[in-house]
Structure formats: structure tokens, C-alpha cells
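Structure, as C-alpha cells:
Predicted, not measured: the structure shown is a model, and the values here were computed from it.
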Amino acid sequence: MTVTMTPERLRLLHGTDAPLAELRVLRAGPARALLDGIDLRYVSIGRTELVRRIYAAVRDRNWNTIPGDVSGLELDAREDSFDLRFSVRHRAPDIDFSWQGAVSGDSEGRITYILDGVAESDLQYNRIGICVHHPWRETAGAPFRARTPEGEIEGRFPDLIGPQLVEDGLIRALFPAFDRLDVELPAGGSLELEFEGDLWETEDHRNWTDANFKTYSTPLSLGFPHDLARGRTLRQRVTITPRDVTGVRAGDGPTRLSIERPTGTTVPAIGLGADGDGHEPSEREVELLRPLGPAHLRVEVELDGDEWPDVLRRAQETARRVGANILVSLHLRPQHADRLPAVAAALAEGPAVDDVLVILLGGRTSTPEETTPPELVDLVRRAFADALPATAIGGGTEIYFTEINRTRPKADDWDLVCFSITPQIHAFTDLDLVENLDAQAENIRSAKALAPGKRIVVSPITIRRRVNFHAAGPEPEPGPGELPDSVDVRQPSLLGAAWTAGSLKYVCEAGAAAVTYYETTGWRGVLEREDGSSLPDRFHSRPGQVFPLYHPLADVAAWRGAEVLHVDSENPLVAVALAVRVDGAVRLLVANLTPDEQHVVVSPLQGALSLRRLGAASAEAASAEPASYRAGAEHAEAEGELALRLEPYEVVRIDPA
């Protein structure tokens with residue numbers, strides 16, 4: 001049945017009435033690719049993914065990605081080859097760059113991407129050029145050969161996340177820059193990449209929870225920003241050729257989700273962040289937050305000013321009202337040591353404190369101050385020893401895994417190591433959010449390897465970045481009618497719920513000790529405030545509405561400490577599941593990660609089951625009457641497996657009946 005995509009349904013699905021992405025299948029001999037606008041995605045032969053994405057990026061001196069306006073697109077798609085031509089112009093206050101693009105695929109499987117551009121004004125940029133994303137599962141640990149100006153080199157891509165090092169103030173890639181790269185594929189055969197117009201290099205994009213290795217032009221070791229005078233041209237070509245790749249034939253049936261062995265992990269403490277604007281929840285908002293059962297409320301306490309007592313007091317009061325403990329992100333420098341006794345006394349008088357994350361106040365990425373120095377943690381531990389003897393204390397960064405992977409904290413005497421996660425450092429579409437989910441597990445796996453035996457605290461996880469930690473200067477304030485940069489319109493959508501369910505799967509399976517999601521209320525929270533959004537035409541929520549992502553958080557928060565089982569998905573870009581064992585019974589969350597109806601089969605499952613669906617048909621009840629919605633269920637029977645039809649971005653909870 002075809003469903004009419006009204007503006008209301010589009011907003012429910014992905015937060016905006018913009019059309020959903022339309023992906024067109026293209027063929028290049030044995031290879032299959034999806035055309036997403038002017039980008040190629042998921043270039044594959046059978047089930048072997050060769051390239052996750054090929055595209056051109058324009059990034060300003062603050063590393064902001066400048067979108068382009070596409071015109072004149074012409075596509076000639078044949079049975080075993082294609083040709084695509086188009087024009088693009090990227091405009092921002094400090095950028096004006098246009099280019100002609102040509103993309104082709106031939107009957108031998110060879111794909112070529114060409115950028116022929118010109119600066120329309122004098123500009124400064126950090127990157128302009130063609131980028132190639134290598135899928136991490138097929139690339140991690142794979143042997144490679146590269147042709148550099150100094151000769152051919154060979155090696156292996158890292159298994160654990162390879163750090164992005166800074167030496168003498170310059171960023172270093174995984175290996176020297178090249179104009180040819182050959183990658184051996186685990187399923188057999190290889191991929192040959194040839195580059196013209198510049199030198200390219202590769203970084204491990206998993207550092208930022210991008211689920212790929214990224215090959216890009218203009219080596220970062222040359223420094224940035226770069227100048228391009230008006231009228232100057234820039235031309236690049238990338239050619240990708242599969243060699244002896246057969247691939248396992250991809251099936252056309254439902255996606256299979258297989259419940260497998262225990263992961264050796266348990267469901268972590270799931271908490272929420274205190275509202276960044278100081279909002280104190282109303283009685284009704286508290287009545288909605290309490291059943292979610294957050295383990296903690298995260299509060300940022302900055303000791304360089306006089307506001308911290310009020311900030312802490314508000315968070316403690318909110319935590320009391322919703323029944324949560326406190327997680328403190330404590331920002332300070334050694335000169336603030338005289339304030340620590342007062343902080344300790346204030347914390348001791350409030351709700352129990354689960355964790356203290358010691359953060360170097362004002363630390364900046366790509367500097368020695370991007371992670372917590374050990375002496376700062378020692379200072380806090382001594383000051384808090386009497387007041388908070390049972391509280392876990394450690395450090396890391398408020399930025400991303402990138403920073404602790406580069407400037408590795410000396411954590412031998414710490415209880416924990418912390419960092420934050422967002423899927424939107426480099427790419428921002430619905431597809432990108434889904435693609436980057438499983439890299440969250442890679443962040444935690446690598447963090448556990450660099451800090452063995454320590455609690456890994458991911459705090460917070462947000463759909464959109466909270467701050468542009470990479471900005472070289474102040475970011476402009478939002479204009480009239482514009483949302484702040486930290487706000488994502490997908491927060492109140494079904495995509496937001498499906499993404500949250502996927503995130504919970506990966507952080508639980510990987511073994512995080514504690515995780516903070518979002519804030520409590522408002523456009524960065526789990527429910528809308530009683531007075532509603534201040535920009536309802538841009539952020540499509542209703543006053544007092546419970547956002548769909550509230551429900552997977554409530555489900556998993558209630559499973560704290562449960563044994564986690566690994567669930568393998570035949571296609572983790574389509575559907576995933578989290579499985580836990582509670583009182584000997586298996587319980588699941590299954591998520592459709594696409595805007596299309598999907599059929600999945602979950603196994604092994606046996607007997608009478610209870611299902612609660614969170615999709616377009618139930619979204620109104622879930623948002624308006626969450627308690628009644630959560631008490632409802634439909635019944636099903638499984639004889640070894642359960643077949644499910646999932647609506648777009650639907651999340652289904654499955655329990656024994």
C-alpha cells in the first residue's frame with residue numbers, strides 16, 4: 001500500500017517536511033551503487049561493500065561543511081554502465097566556489113568521479129575536494145599498498161581505531177600521502193584507487209564515530225586554512241577499479257536478525273543531561289520524566305565563575321524530583337582548587353553522585369590540553385575523598401574519542417575514562433546518521449583497550465553536536481527564525497527514536513559503564529516543554545509532547561544490569577536489534593533504520609510473545625498518553641522465528657507474553 005507523504009507525515013518521520021532521500025540504483029558491470037543526489041553510496045559487488053561513499057566536500061576555515069546548490073543534472077543510466085553530469089555552487093559568508101562534476105561507471109566495474117572547479121571570489125578553506133569513504137568492516141585490518149612521492153609503501157589498516165596524531169603542530173594521517181592506493185578485501189580480490197590533481201591521505205574516521213576510513217585530498221600536514229584567489233581553478237579525478245572481486249550474492253528476502261552468544265556485557269546506567277538553559281521542569285514534566293527512570297542527571301559545573309552553585313542546586317533539585325542520581329562534569333583548572341571543598345560539601349548534601357568527570361576547563365582539540373591531566377584528577381580525588389568516598393572519579397575529554405585516542409590520558413589511578421559522541425561531525429543526512437551508528441561500539445571497544453579495566457562513560461550522546469569544538473574562531477549567532485546549531489529537527493521524530501534504539505544496541509553490546517543521552521526537556525530533550533517550542537515552524541513539536549525517542553530510552557533504562565546478547569543483522573543499515581536476558585527470558589528492541597517498510601525475521605524465538613510498536617500508527621498515543629501506550633501490547637506466536645513487518649523507522653519491543 002502506497003502512503004501519501006503529506007508534510008505532517010514527513011515531519012513525523014524525519015522532523016521536516018523536506019522530501020525523503022530518493023536513492024537510484026546504478027550499475028557498473030558487476031558493481032551496484034546507489035545515487036544519492038550527486039554522491040555515490042554503497043558501491044558493492046554482491047554482499048561485499050567496496051566503497052561506502054564518494055563525494056566532493058567544501059569546508060570553511062572553521063571546518064563547517066558548506067552545502068552546494070546542484071543544477072543541470074543529466075543522468076544516462078544503462079543496464080551495465082552510467083554517466084552523470086551536473087553543476088554545483090557552494091556559497092557562504094566566506095566561501096564562493098563552483099564546479100562541474102562528471103561521474104561514470106563502465107561495464108568492467110570501474111567508477112570515475114571528476115571535479116572541475118573555480119573560485120568565484122577570494123576565499124579561505126580547510127578542504128575542497130573529492131573524498132572516498134571505505135566501509136570500516138571490510139577495511140579494518142586489511143592489507144594495503146600505496147604509491148607515495150617517495151616510493152611504494154605497504155601495511156595494514158588498524159583494527160582498533162588509529163589515532164589522528166599531531167606532530168610539530170601539524171596533523172598526521174595514518175600513513176604518508178599518495179596518488180594510488182590498493183586495498184585487499186577480506187572476501188577476496190582487491191580495490192584499486194587512482195588519484196589525480198593532488199595528493200590524498202587517509203584517516204580513521206571512526207575517531208569521530210563515522211563508520212568508515214576516509215581518503216581525502218590536500219594533506220593535513222601542509223597546514224590549513226588554504227587560500228584560493230578568485231578565478232583560480234582546482235581539478236581532481238578519482239578512479240576506482242575492483243580487481244577479482246566476486247562477492248557473496250545478496251539475497252532479496254527479509255533481513256534476518258539472529259540472537260547469538262552473550263557479549264559479556266550488561267546494560268549500563270542510562271541517564272539524561274540537565275537542560276543547558278537552566279530550565280527547571282514543571283510538575284507535569286517531572287511526572288513524565290520519572291517513569292523513564294534515568295539513572296543519573298548530568299550537570300556541567302564550571303568553576304571559573306560564580307554561577308556554579310546555582311547550576312548545581314537546580315540539577316540536584318531536578319534529580320530529586322525525577323528520582324535520579326547525579327553525574328558531574330566538573331570543569332576546572334588547578335587555580336580553582338580552593339573551590340573544591342565547597343563543591344564537595346554541596347554534592348554531599350544532594351542526591352547520590354555516581355560519577356565525577358574531571359575536565360580541563362577551556363581545553364581545546366588538537367592541543368596537549370584536549371584531555372584531563374592526571375594531577376587535576378588527583379586534586380579532585382583528594383578534595384572529595386571524605387565527602388564522596390564511594391564515587392567513581394576520572395577524566396578524559398568533553399570532546400570526542402578522537403581526543404583521548406590522540407592525547408591518551410594517564411588513567412592508571414582513575415576509576416573511569418569519559419568522552420562524548422555525536423554522529424554529525426562530518427555529514428548530516430538521515431543516511432549518515434544511520435551509517436554512523438555501529439562506530440559507537442568501535443569507540444567503546446577502542447576506549448576499553450587504551451584504558452583496560454576502567455569504567456567507560458559516554459557522556460553525553462547527542463544527535464547534533466553541542467559545540468563546534470573545531471572552530472578556529474567565534475561562530476555566528478543564529479539569525480532570526482534560525483535554530484541554534486546544537487538543535488536537530490529530528491529530535492521529536494520517529495527517526496530520532498530508531499536512531500536512539502540503534503545507539504542503545506551498540507553501547508550496550510560494547511560494554512559502556514554509563515551513558516548520558518540528550519537533555520530532559522525542550523528541543524534537545526526527551527519531551528517538549530509545556531509552553532512549547534519558541535520556533536514551532538522550524539522545530540515541529542507540540543507543547544507537552546513526549547518525543548518518540550523517550551520510549552526506547554525508558555525500555556533500556558529499566559533493563560539496567562541485564563545480560564546483553566549479541567544480535568547479528570544481515571544488513572545493519574536496514575534493521576538492528578538489542579537483546580537482553582532478564583530473569584531468564586529474552587527481551588528485545590528491534591528498529592527499522594530506513595524510511596521504507598521492511599520485513600525482518602528474528603530468531604531464535606519460541607512461544608507466545610508480546611509486542612509493543614512505536615511507529616506512525618502509534619506515535620500519537622505514545623506522545624500524548626505515554627503511560628497508556630506503554631501498557632498496551634499486541635500478541636504473536638513464534639515457532640523458532642518471528643517474522644515482522646516494520647513501518648518506516650518503527651521500533652518494536654518484544655517480550656515473552
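- By the 4.5 Å heavy-atom criterion applied to side chains, K448 and V417 are not counted as neighbours.
- In this structure E637 satisfies the salt bridge (charged side-chain N to carboxylate O under 4.0 Å, His left out) test with no other residue, sequence neighbours excluded.
- In summary, the side chains of N405 and T402 do not present any donor paired with an acceptor at a separation below 3.5 Å, with no hydrogens or angles considered.
- Taking all atoms of both residues into account, the shortest heavy-atom contact from L257 to A575 is CD2-O, 3.6 Å.
- Under 3.5 Å, the side chains of Q424 and D488 contain a donor-acceptor pair of N or O atoms.
- Nearest heavy-atom pair, Y400 versus N207, reported as atom, atom and distance to 0.1 Å: CB-O, 4.4 Å.
- Remark: R27 does not engage E79 in a salt bridge, criterion side-chain N to carboxylate O under 4.0 Å.
- Taken from OG in S493 to CG in L549, the straight-line distance is 7.5 Å, to the nearest 0.5 Å.
- For E647 (side chain) and A616 (main-chain N/O), a donor-acceptor pair under 3.5 Å exists by modelled atom type.
- Checked against a 6.0 Å centroid threshold, the rings of F419 and F401 count as neighbours.
- Open room surrounds CD on E108; 12 or fewer heavy atoms of other groups in view lie less than 6.0 Å from it.
- Listed here is the closest heavy atom pair of L495 and H14: CD2-CB, 4.1 Å.
- Ion pairing between R613 and E650 holds under the 4.0 Å rule for side-chain N and carboxylate O.
- You'll find the side chain of T48 reaches within 4.5 Å of the side chain of L185, heavy atoms only.
- Put simply, CD on Q598 and OG1 on T255 are 6.0 Å apart, with the number rounded to the nearest 0.5 Å.
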Verdict with supporting geometry, R137 and D438, salt bridge (charged side-chain N to carboxylate O under 4.0 Å, His left out): CA-CA 10 Å; R137 292 179 186 275; D438 61 357; 3.0 Å; yes

Might you work through the side chain to side chain donor-acceptor pair (under 3.5 Å) test for S104 and Y113, ending with a clear yes or no? CA-CA 7 Å; S104 62; Y113 201 111; over 6 Å; no

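- Using a 3.5 Å distance cut-off with no hydrogens or angles, the side chains of T215 and T202 do pair a donor with an acceptor.
- The pair D430-R490 counts as a salt bridge, with a side-chain nitrogen and a carboxylate oxygen less than 4.0 angstrom apart.
- Residues T263 and T265 bring a donor and an acceptor atom of their side chains to less than 3.5 Å of each other.
- Of all heavy-atom pairs between P254 and V601, the closest is CG-CG2, 3.8 Å.
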Apply the test salt bridge (charged side-chain N to carboxylate O under 4.0 Å, His left out) to residues R653 and D655: give CA-CA distance (whole Å), side-chain angles for both, the deciding distance (0.1 Å), then the verdict. CA-CA 7 Å; R653 174 167 170 167; D655 295 278; 2.7 Å; yes

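- Looking at heavy atoms from C-beta onward, L191 lies out of side-chain contact with D182 at the 4.5 angstrom threshold.
- Judged purely by distance below 3.5 Å, without hydrogens or angles, the side chains of D596 and T594 never pair a donor atom with an acceptor atom.
- Taking 4.5 Å as the limit, some side-chain heavy atom of V556 sits within range of a side-chain heavy atom of L578.
- For E625, the CD atom counts as loosely surrounded, since its 6.0 Å shell holds 12 or fewer non-hydrogen atoms of other residues, nucleotides or ligands.
- Residues W208 and N436 have side chains that never bring a donor and an acceptor to within less than 3.5 angstrom of each other.
- Closest approach of L642 to A636, counting heavy atoms only: CD1-CB, 4.1 Å.
- Between the side chains of R465 and S486, no donor N or O sits under 3.5 Å from an acceptor N or O.
- Y55 has its ring centre less than 6.0 Å from the ring centre of H133.
- A donor-acceptor contact shorter than 3.5 Å links the side chain of T209 to the backbone of T422.
- Taking a cutoff of 4.0 Å between a charged side-chain nitrogen and a carboxylate oxygen, E184 and R156 do not qualify as a salt bridge.
- H296 pairs by the ring pair (Phe, Tyr, Trp, His ring centres under 6.0 Å) definition with nothing, not counting sequence neighbours.
- The pair D210-R53 does not count as a salt bridge, with every side-chain nitrogen at least 4.0 angstrom from each carboxylate oxygen.
- A donor atom on one side chain and an acceptor atom on the other are found under 3.5 Å apart for E435 and Y42.
- At least one side-chain heavy atom of D76 sits under 4.5 Å from a side-chain heavy atom of R78.
- To the nearest 0.5 angstrom, F157 atom CZ is 6.5 Å from F213 atom CZ.
- Between L437 atom CG and Y506 atom OH the span is 6.5 Å, to the nearest 0.5 Å.
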Salt bridge (charged side-chain N to carboxylate O under 4.0 Å, His left out) between D555 and R587, worked out: CA-CA 10 Å; D555 289 331; R587 303 175 187 274; over 6 Å; no

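- D36 has no carboxylate O lying under 4.0 Å from a charged side-chain N of R24, or vice versa, which leaves the two without a salt bridge.
- Here the closest non-hydrogen pair linking A498 and A591 is O-CB, 4.1 Å.
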Check the pair L565 / L588 against side-chain contact (heavy atoms from CB on, under 4.5 Å), numbers first and verdict last. CA-CA 10 Å; L565 309 176; L588 297 102; over 6 Å; no

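- From S190, atom OG reaches atom CG of D244 across 6.5 Å, with rounding to the nearest 0.5 Å.
- Salt bridge present: R41 and D432 bring a charged side-chain N and a carboxylate O closer than 4.0 Å.
- Y517 and S503 are linked by a side-chain donor-acceptor pair at a separation below 3.5 angstrom, with hydrogens and angles left out of the test.
- S446 and E442 share no side-chain donor-acceptor pair at under 3.5 Å.
- Looking at L10 and T16, their side chains never come closer than 4.5 Å, going by heavy atoms from C-beta outward.
- Among H134, H426, R52, the one residue that satisfies the side-chain hydrogen bond (donor to acceptor under 3.5 Å, both in side chains) test with H205 is H426.
- A salt bridge is absent between E570 and R256: the closest approach of a Lys/Arg side-chain nitrogen to an acidic carboxylate oxygen does not fall below 4.0 angstrom.
- Between S623 and F547 there is no side-chain heavy-atom pair separated by less than 4.5 Å.
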Start with the C-alpha gap between L23 and L431, add the side-chain angles, then the distance that decides, and say whether side-chain contact (heavy atoms from CB on, under 4.5 Å) holds. CA-CA 10 Å; L23 305 180; L431 286 172; 3.8 Å; yes

With salt bridge (charged side-chain N to carboxylate O under 4.0 Å, His left out) as the criterion, how do E528 and R542 come out once you've worked through the C-alpha distance, each side chain's angles and the decisive distance to 0.1 Å? CA-CA 7 Å; E528 187 53 273; R542 300 190 311 274; over 6 Å; no

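- Between the side chain of K454 and the backbone N or O of A447, no donor-acceptor pair lies under 3.5 Å.
- Proximity of I45 to R32: side-chain heavy atoms (C-beta onward) are nowhere separated by under 4.5 Å.
- Other residues, nucleotides and ligands contribute over 12 non-hydrogen atoms within 6.0 Å of the CD atom of E634.
- To the nearest 0.5 Å, atoms CG (D354) and CG (L327) are separated by 7.0 Å.
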